Amino acid sequence: SELLPLNEDDLWIQGFMKYGLNDEALKFSKQVTGLNYSVAVELGTILNNEGKHLETLRFLNDVDVDLNRETFDLYYPLPYKEKIVNVANQYGFPYVLYTGLIRTESGFDMDVVSVAGAVGWSQLMPATANEQAYDLGIKNPDLNDPDTNILLGGTYLNWLIGKYGSLPLSCMAYNAGPGNVWNWQKK
């Protein structure tokens with residue numbers, strides 16, 4: 001994004017943010033063109049700090065904020081980093097791989113549910129989550145709990161890595177399903 005001077009629309013958005021009306025600032029920003037870079041980054045930071053990571057990603061893309069050192073943490077947030085690192089270390093795969101998988105699957109939005117019915121950050125199907133939970137001795141797993149979702153997603157990824165022996169194939173199977181990967185391999 002090029003640096004543009006503050007215009008009347010930018011001042012309105014700053015006013016909304018000043019009084020904590022962040023949802024209104026976001027709605028208004030979607031109606032304007034030529035949003036000032038610093039205003040866009042400020043609004044993106046507020047959204048990110050509110051835990052609205054997927055909304056932050058969409059907003060930054062919509063207003064053409066470039067990926068750079070200032071915006072890197074907005075584009076690649078690490079909420080629950082300690083839990084993700086612990087699960088990755090437990091199973092021996094790179095935490096950045098698992099973080100990228102979560103970002104791709106859900107944009108770090110716990111409330112997202114796919115058309116197919118996959119739930120939460122790790123986008124697990126309830127049946128898959130129940131299988132992983134059973135293996136861990138967890139009864140009635142709550143996929144809306146970030147800690148549980150991260151643990152079960154990591155457990156499933158580990159199972160796929162054991163099955164395929166390949167990180168790329170395991171990530172493909174995580175996203176598209178093991179059956180699709182087997183079919184692709186046959187072709």
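Since we're looking at a predicted model, the values are computed, not measured. Basis for what follows: all heavy atoms, side chains included, without hydrogens, waters or symmetry-related copies.
With respect to the salt-bridge test (charged N to carboxylate O, under 4.0 angstrom), the residues Lys52 and Asp111 do not qualify.
The shortest distance between side-chain heavy atoms of Ser122 and Leu152 does not fall below 4.5 Å. Residues Asn158 and Tyr98 have side chains not in contact (no heavy-atom distance under 4.5 Å, counting atoms from C-beta outward). In this structure the side chain of Glu42 never reaches within 4.5 angstrom of the side chain of Thr45, judged on heavy atoms. Two residues are said to be in side-chain contact when any heavy atoms from C-beta on lie closer than 4.5 Å; Leu101 and Tyr174 meet this criterion. Looking only at side-chain heavy atoms (C-beta outward), Tyr156 and Glu131 stay at 4.5 Å or farther from each other. At a threshold of 4.5 Å between non-hydrogen side-chain atoms, the residues Leu26 and Lys30 count as touching.
Closest of all the heavy-atom pairs between Ser29 and Leu43 is OG-CD2, 3.8 Å. Contact record, Ala176 with Trp184: CB-CH2, 3.5 Å, taken as the closest heavy-atom pair. Closest non-hydrogen pair, Ala116 versus Met125, comes out as O-CE, 3.0 Å. The heavy-atom pair separating Tyr164 from Ala173 by the smallest distance is CE1-CB, 3.5 Å.
By the neighbour-count criterion of 12 heavy atoms within 6.0 Å, atom CD of Glu8 is sparsely surrounded, having that number or fewer from other residues, nucleotides or ligands.
For Arg103 and Tyr76, the positive end sits near the middle of the six-membered ring, less than 6.0 Å away and at most 45° from its axis.
Checking each of Val181, Asn175, Ile161 against Ser170 for a side-chain contact (heavy atoms from CB on, under 4.5 Å) leaves exactly one that passes, namely Ile161.
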Name every donor-acceptor pair, under 3.5 Å, that has one atom in a side chain of residues 81-90 and the other anywhere in the protein, sequence neighbours excluded.
from	atom 1	to	atom 2	distance (Å)
Asn86	ND2	Glu82	O	3.3
Asn89	ND2	Val85	O	3.4

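Of the inter-residue distances, the one linking Asp9 atom CG with Thr33 atom OG1 reads 7.5 Å to the nearest 0.5 angstrom. Atom CZ of Phe93 sits about 9.0 Å away from atom CG of Leu167, to the nearest 0.5 Å.
The main-chain N or O of Asn36 is found under 3.5 Å from a side-chain atom of Asp10 such that the two form a donor-acceptor pair.
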